Amino acid sequence: MTSEALAGRTVECRLLDEFTGTVRSGLSAALVLVGEAGIGKTRLLDHAAASAADLQVARVAGVEPERGLAFAALHRLLRPFLERVEKLPEPQRAALAGAFGLTSGAVADLFLIGLAALTLLAGAADERPLVCLVDDAHWLDRESLAALAFVARRLHADRLGLLFTVRGDEAGPAAALAGLPTLTVTGLPAEAAHDLLARSAPGRVAPAVAERIIADTRGNPLALIELSAGLSAEQLAAGAPLPDRLPLGRRLEEHFLGRARLLPAATQSLLLLAAAAPPDDAALLWRAAGRLGLPPAVADPAVAAGVLTAAPTLAFRHPLIRSAVYSGAPAADRRRAHAAVAAAIDRDADPDRRAWHRAEATAGLDEDVAGELERVSARAGARGGNATLALFLARAAELSPDPQERARRLLVAAEAHLVAGDPAAAERCHALALPGLRTPVARATAHRLGAALAWFGGGVATVTSASMLAVAADADLPADLRDGLLFEAIAAAVLAGRHTAGTTLAELGRAARPEPGRTAAVSTVRALVDAFATRIAVGYAPAVPLLHAAVAALRVEREVSHGTVPFVMTGQWIADDLWDDEGFRAVLEHADELARRQGALHAVYAQLAGRATTAIWSGEFDRAAACFAEADDLGPAIGVPAGDTSRQIELLAWRGLEAQARAAADVALTEWDAHLGYAILGDHARHCLAILDLGRGRYAEALAKLAPGFHGDVIAHGNRALPNLVEAAVRAGDRDLARAALDRLAERATASGTPWALGMLARSRALLAADADAEALFREAAEHLTGTTIVTELVRTYLLHGEWLRRQKRRAEARAQLQIAYDSFAEMGAAAFAERARIELQATGRRARARTAVPDLDLTPQEARVAALAAEGATNAEIATRLFVTASTVEYHLMKIFRKLGITSRRQLGRALRER
């Protein structure tokens with residue numbers, strides 16, 4: 001079903017008809033129309049609405065004065081469907097109700113609110129396909145725009161379409177919608193522009209005049225219409241000169257403002273009220289007009305002049321007119337209009353909007369208005385409206401007579417701005433707050449925020465761990481704030497390593513050591529501080545009980561992060577440092593369940609790399625790749641572009657993909673390490689490249705990459721690198737370094753006592769042992785590792801044992817070990833190690849058995865994830881919640897999965913995947 005194309009917009013209308021056709025067919029679509037003011041984006045939305053006449057259509061437009069009201073636009077869009085809220089899964093229902101102020105409770109993550117909106121809209125689309133039209137997205141409140149952008153990115157098979165319009169010069173909204181399909185709307189083609197000019201001009205237009213108008217307006221339809229309407233017949237016929245400056249861009253707003261100022265004063269007052277008031281609340285507008293003594297009849301001149309339209313309700317003919325009227329009014333007149341709107345709003349029904357209009361109506365200082373703004377800002381913050389919280393508090397600070405109250409409000413506003421994703425605004429508020437902060441708590445909080453701003457702005461190397469340490473030394477600080485400062489300072493220093501400025505990790509460890517006689521930490525943060533500080537300042541063995549206690553605390557922690565530090569990240573460091581594969585997995589699984597339930601996508605993203613690591617350790621490389629694919633899928637929703645393979649170096653190294661591994665490592669070493677100061681990522685990249693070298697048998701090259709990490713004693717993967725260093729040093733002939741690495745490994749593995757640690761110790765001892773002792777040590781290593789999930793290291797043990805047996809001339813026994821190693825490495829796809837095992841096996845006199853190729857069933861990463869979850873017994877709704885999609889999308893993927901696997905039911909999935 002199509003509607004008549006707009007003149008000169010054949011291509012655009014065809015694309016919009018395809019857009020609605022996609023929705024009509026049962027799939028989903030998202031599209032962003034980008035163009036300057038007046039270019040015709042709203043007319044194209046009208047065309048899309050006509051094209052979708054047989055579908056459901058929901059429409060909302062951004063309004064400039066409403067940009068500060070969290071979730072206002074989302075609420076207006078979803079209002080026709082809110083009776084479906086009770087059908088949402090409980091966490092989503094609570095999140096959406098909280099966002100709209102219908103209930104109180106824990107603050108929901110913005111992305112959980114977005115998921116709730118997606119589920120709600122998809123449920124409505126189940127009854128009849130639904131197209132949502134979002135006009136002037138650059139004027140939406142930040143929370144609504146983020147939630148709707150999330151919805152647009154998660155669409156697939158939901159019979160749901162989202163169509164946005166946005167001005168091309170609006171950087172913030174354009175960034176929020178980045179990555180979505182985009183259509184840039186430009187001026188009309190010459191022929192269509194001439195036709196429009198001929199139809200809209202009040203008289204005949206001379207060719208030279210037409211060319212001048214079209215060239216100066218660049219074919220902008222609104223500018224063409226407005227300009228031609230404002231020229232005299234003599235000017236159009238070239239009998240009189242045209243104005244030097246034709247209305248375009250900002251001048252077009254000035255043109256509209258000039259037209260409005262020709263109207264009677266009372267009509268102008270009504271126009272300003274309409275510009276300040278919500279566009280979809282006619283009753284509020286007329287109540288406010290009544291307070292200014294403006295009867296409905298004063299609208300008539302504006303309707304007659306084409307500034308307002310009267311049907312179905314009073315509205316501006318074009319959004320640009322609203323903007324021109326509002327921004328062009330004198331400040332005193334704007335305050336008078338806002339005061340009338342505020343007085344017309346029911347305090348109990350809409351306290352946020354009333355407080356904001358009161359603030360906009362206030363000049364100078366007023367603690368009463370500032371206090372009301374702060375009270376409603378807390379309400380907005382409790383709903384997850386951090387941008388509104390920040391905006392309201394910053395305005396409350398401007399109105400505050402007391403300098404300390406002003407500074408306090410600015411500091412909280414700065415924190416909210418940072419959480420809302422606006423670090424530039426956070427920096428401004430932070431700088432304004434600093435001079436007025438008097439208490440130790442306020443100064444410490446400000447310093448912690450400054451560190452977070454530095455982290456976001458310039459990389460972890462700019463975080464001032466030294467000054468955070470100095471602030472934490474203040475005896476008047478509450479314990480939880482001091483612990484938080486120390487924790488974030490240590491985390492930053494672990495990440496920055498040698499780039500840490502002004503202090504060292506050792507100094508931080510000494511300052512943060514637990515008090516003598518204290519037996520247990522009072523919080524997870526304190527448990528982490530105790531563990532790290534003891535590990536750094538006292539030694540590994542004394543820290544082991546505290547490291548285990550920290551892992552135990554993280555397995556039941558209810559928060560996903562502390563400040564800017566995800567708990568799952570530090571949990572991985574500690575479990576890795578302990579060789580605790582069971583604890584590593586448990587922390588990840590708990591964090592994953594918690595983050596997905598809360599809709600905390602940043603935390604989900606952080607733990608996906610850890611889940612990929614556990615899959616690599618267990619030899620499940622396809623599962624690891626699926627985790628990275630899921631991270632790439634989620635990344636754009638949190639502002640992380642897909643395609644950075646530096647997270648995947650370990651997988652690429654194990655797969656023997658040398659060119660890709662080195663390219664990914666180059667990003668880690670040059671961008672993340674050298675530029676942004678994440679030394680830990682550079683160390684990790686070198687360790688991964690050493691694994692690649694070991695697989696290729698390049699022992700000297702591996703040794704050169706591992707030795708710097710040994711001397712720096714990197715927390716976490718530094719311990720995991722010790723067995724690799726022993727192997728590389730032994731094979732490269734540096735037995736002194738091999739023994740030094742073994743000594744450290746022996747001390748730490750014995751203290752840890754995990755099967756993984758003891759297995760790596762036995763294997764490393766075997767490499768340096770006399771021939772009479774090596775056999776028993778290799779077997780001991782395999783026995784320990786068999787009780788772990790670290791399959792790759794178990795198979796490497798078979799490989800090393802087989803190589804040793806071959807050198808002992810025990811070919812038959814060597815063949816048995818090497819055959820297991822070759823088969824296992826080939827099965828998991830560890831190409832370099834498989835080739836090393838094949839060469840060794842051939843040297844025993846046996847050719848490696850040919851392997852039957854597994855047919856490529858071509859499951860996409862998303863399909864593989866859906867299939868795995870369905871095979872585990874998860875329902876469609878559970879899978880949808882976990883993957884941040886809809887149940888319809890899950891069902892669509894399952895249909896494709898069944899077809900590709902040649903099965904007909906979920907009961908067959910497990911076997912089909914195992915056979916694959």
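Given the structure is predicted, the values throughout are model-derived calculations rather than measurements.
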**Item:** Arg596/Glu630 salt bridge by N-O under 4.0 Å criterion
**Value:** yes

**Request:** Using modelled atom types only, decide if a donor and an acceptor are shared between the side chain of Thr788 and the backbone of His784 within a distance under 3.5 Å.
**Result:** no

**Message:** If we ignore hydrogens and angles and just use 3.5 Å, is the side chain of Glu557 paired with the main-chain N or O of Glu559 as donor and acceptor?
**Reply:** yes

**Message:** Check the orientation of His687 and His717. Use parallel for under 30°, tilted for 30 to 60°, and perpendicular for over 60°.
**Reply:** parallel

**Prompt:** When you check the gap from the basic side-chain N to the acidic O, do Glu589 and Arg555 get nearer than 4.0 Å?
**Reply:** no

**Request:** Would you confirm whether Arg765, through its side chain, and Met760, through its main-chain N or O, come within 3.5 Å as a donor-acceptor pair?
**Result:** no

**Message:** Determine whether a donor-acceptor pair (N or O, by modelled atom type, separation under 3.5 Å) exists between the side chain of Thr439 and the backbone of Ala442.
**Reply:** yes

**Prompt:** Between Cys627 and Arg611, which heavy-atom pair has the shortest distance, and what is it?
**Reply:** SG-CB, 3.9 Å

**Request:** State, yes or no, whether a side-chain contact exists between Leu737 and Leu703 at a heavy-atom distance under 4.5 Å.
**Result:** yes

**Prompt:** How about Arg655 and Gln660: do any of their side-chain heavy atoms sit closer than 4.5 Å?
**Reply:** no

**Prompt:** Is there a donor-acceptor contact under 3.5 Å from the side chain of Ser752 to the main chain of Leu578?
**Reply:** yes

**Asked** So, the side chain of His417 versus the backbone of Ala424: is there a donor-acceptor pair under 3.5 Å, distance only?
**Response** no

**Asked** Quick one: are Arg796 and Leu694 in side-chain contact, heavy atoms under 4.5 Å?
**Response** yes

**Request:** State, to 0.1 Å, how close Leu389 and Ala378 come at their nearest heavy-atom pair, and which atoms those are.
**Result:** CD1-N, 4.2 Å

**Prompt:** Under a 4.5 Å cut-off applied to non-hydrogen side-chain atoms, are Arg763 and Pro723 in contact?
**Reply:** yes

**Item:** Ala679 to His499 - nearest heavy-atom pair and separation
**Value:** CB-CD2, 3.7 Å

**Test item: Phe628 and Leu608 side chains (from C-beta on) under 4.5 Å apart, heavy atoms** = no

**Asked** Does any N or O in the side chain of Glu793 come within less than 3.5 Å of the main-chain N or O of Ile790, such that one atom is a donor and the other an acceptor?
**Response** no

**Asked** For Leu554, does its backbone N or O pair with a side-chain atom of Thr524 as donor and acceptor, under 3.5 Å?
**Response** no

**Asked** Quick one: do Arg744 and Asp713 make a salt bridge, cutoff under 4.0 Å?
**Response** yes

**Message:** Whether Asp530 and Arg535 form a salt bridge (side-chain N of Lys/Arg under 4.0 Å from carboxylate O of Asp/Glu) is what I want to check.
**Reply:** no

**Message:** Any non-hydrogen side-chain atom of Asp581 less than 4.5 Å from a side-chain atom of Thr614?
**Reply:** no

**Fill in**
Only residue of Glu701, Lys705, His684, Glu650 satisfying side-chain contact (heavy atoms from CB on, under 4.5 Å) with Leu689 is Lys705

**Message:** Using a strict threshold of under 4.0 Å (side-chain N to carboxylate O), is an ion pair present between Arg526 and Asp480?
**Reply:** no

**Prompt:** Are Thr789 and Arg585 close enough that a side-chain donor and a side-chain acceptor fall under 3.5 Å?
**Reply:** yes

**Message:** Check the orientation of Phe567 and His562. Use parallel for under 30°, tilted for 30 to 60°, and perpendicular for over 60°.
**Reply:** tilted

**Request:** Apply side-chain contact (heavy atoms from CB on, under 4.5 Å) to Leu745 and Trp579, showing your working.
**Result:** CA-CA 11 Å; Leu745 177 59; Trp579 292 281; 3.5 Å; yes

**Fill in**
The reported gap from CG in Leu546 to CD1 in Ile574 (rounded to nearest 0.5 angstrom) is 9.5 Å

**Prompt:** Quick check, are the ring centers of Trp617 and Trp756 under 6.0 angstrom apart?
**Reply:** yes

**Prompt:** Where do Leu669 and Gly682 come nearest, in terms of heavy atoms and distance?
**Reply:** CD2-O, 3.5 Å

**Item:** Ion pair check, Arg739 and Asp743, cut-off under 4.0 Å
**Value:** no

**Asked** Rounded to the nearest 0.5 Å, how far apart are CZ of Arg482 and CG of Leu485?
**Response** 9.0 Å

**Message:** Please check: side-chain N/O of Asp673 versus main-chain N/O of Leu681, any donor-acceptor pairing under 3.5 Å?
**Reply:** no

**Reported CG-to-CG distance for the pair Leu547 and Asp576, which is rounded to 0.5 angstrom** = 11.5 Å

**Item:** Check: Val587 and Val551 side chains under 4.5 Å, non-hydrogen atoms
**Value:** yes

**Asked** With under 30° as parallel and over 60° as perpendicular, where do the rings of Phe150 and Phe111 fit, or are they tilted in between?
**Response** tilted

**Prompt:** Less than 4.5 Å apart, any side-chain heavy atom of Leu505 and any of Thr500?
**Reply:** no

**Prompt:** Would you call Glu415 and Arg448 a salt bridge, taking side-chain N to carboxylate O under 4.0 Å as the test?
**Reply:** no

**Prompt:** CD1 of Ile490 to OG1 of Thr570: how many Å apart, nearest 0.5 Å?
**Reply:** 11.0 Å

**Message:** Applying salt bridge (Lys or Arg N to Asp or Glu O under 4.0 Å) to Arg882 and Glu593, what does each step give before you reach the verdict?
**Reply:** CA-CA 8 Å; Arg882 186 171 182 80; Glu593 189 276 332; over 6 Å; no

**Request:** Locate the shortest heavy-atom distance separating Arg623 from Ser618; write the atom from each residue and the value.
**Result:** NH2-OG, 3.5 Å

**Item:** Distance, nearest 0.5 Å, that separates CG of Leu761 from CD of Glu747
**Value:** 11.0 Å

**Asked** In Å, rounded to the nearest 0.5 Å, how long is the span from CZ of Arg647 to OG1 of Thr613?
**Response** 9.0 Å

**Request:** State, to 0.1 Å, how close Ala397 and Leu410 come at their nearest heavy-atom pair, and which atoms those are.
**Result:** CB-CG, 3.6 Å

**Asked** Under 3.5 Å, side chain of Gln572 to main-chain N/O of Val568, donor-acceptor pair present?
**Response** yes

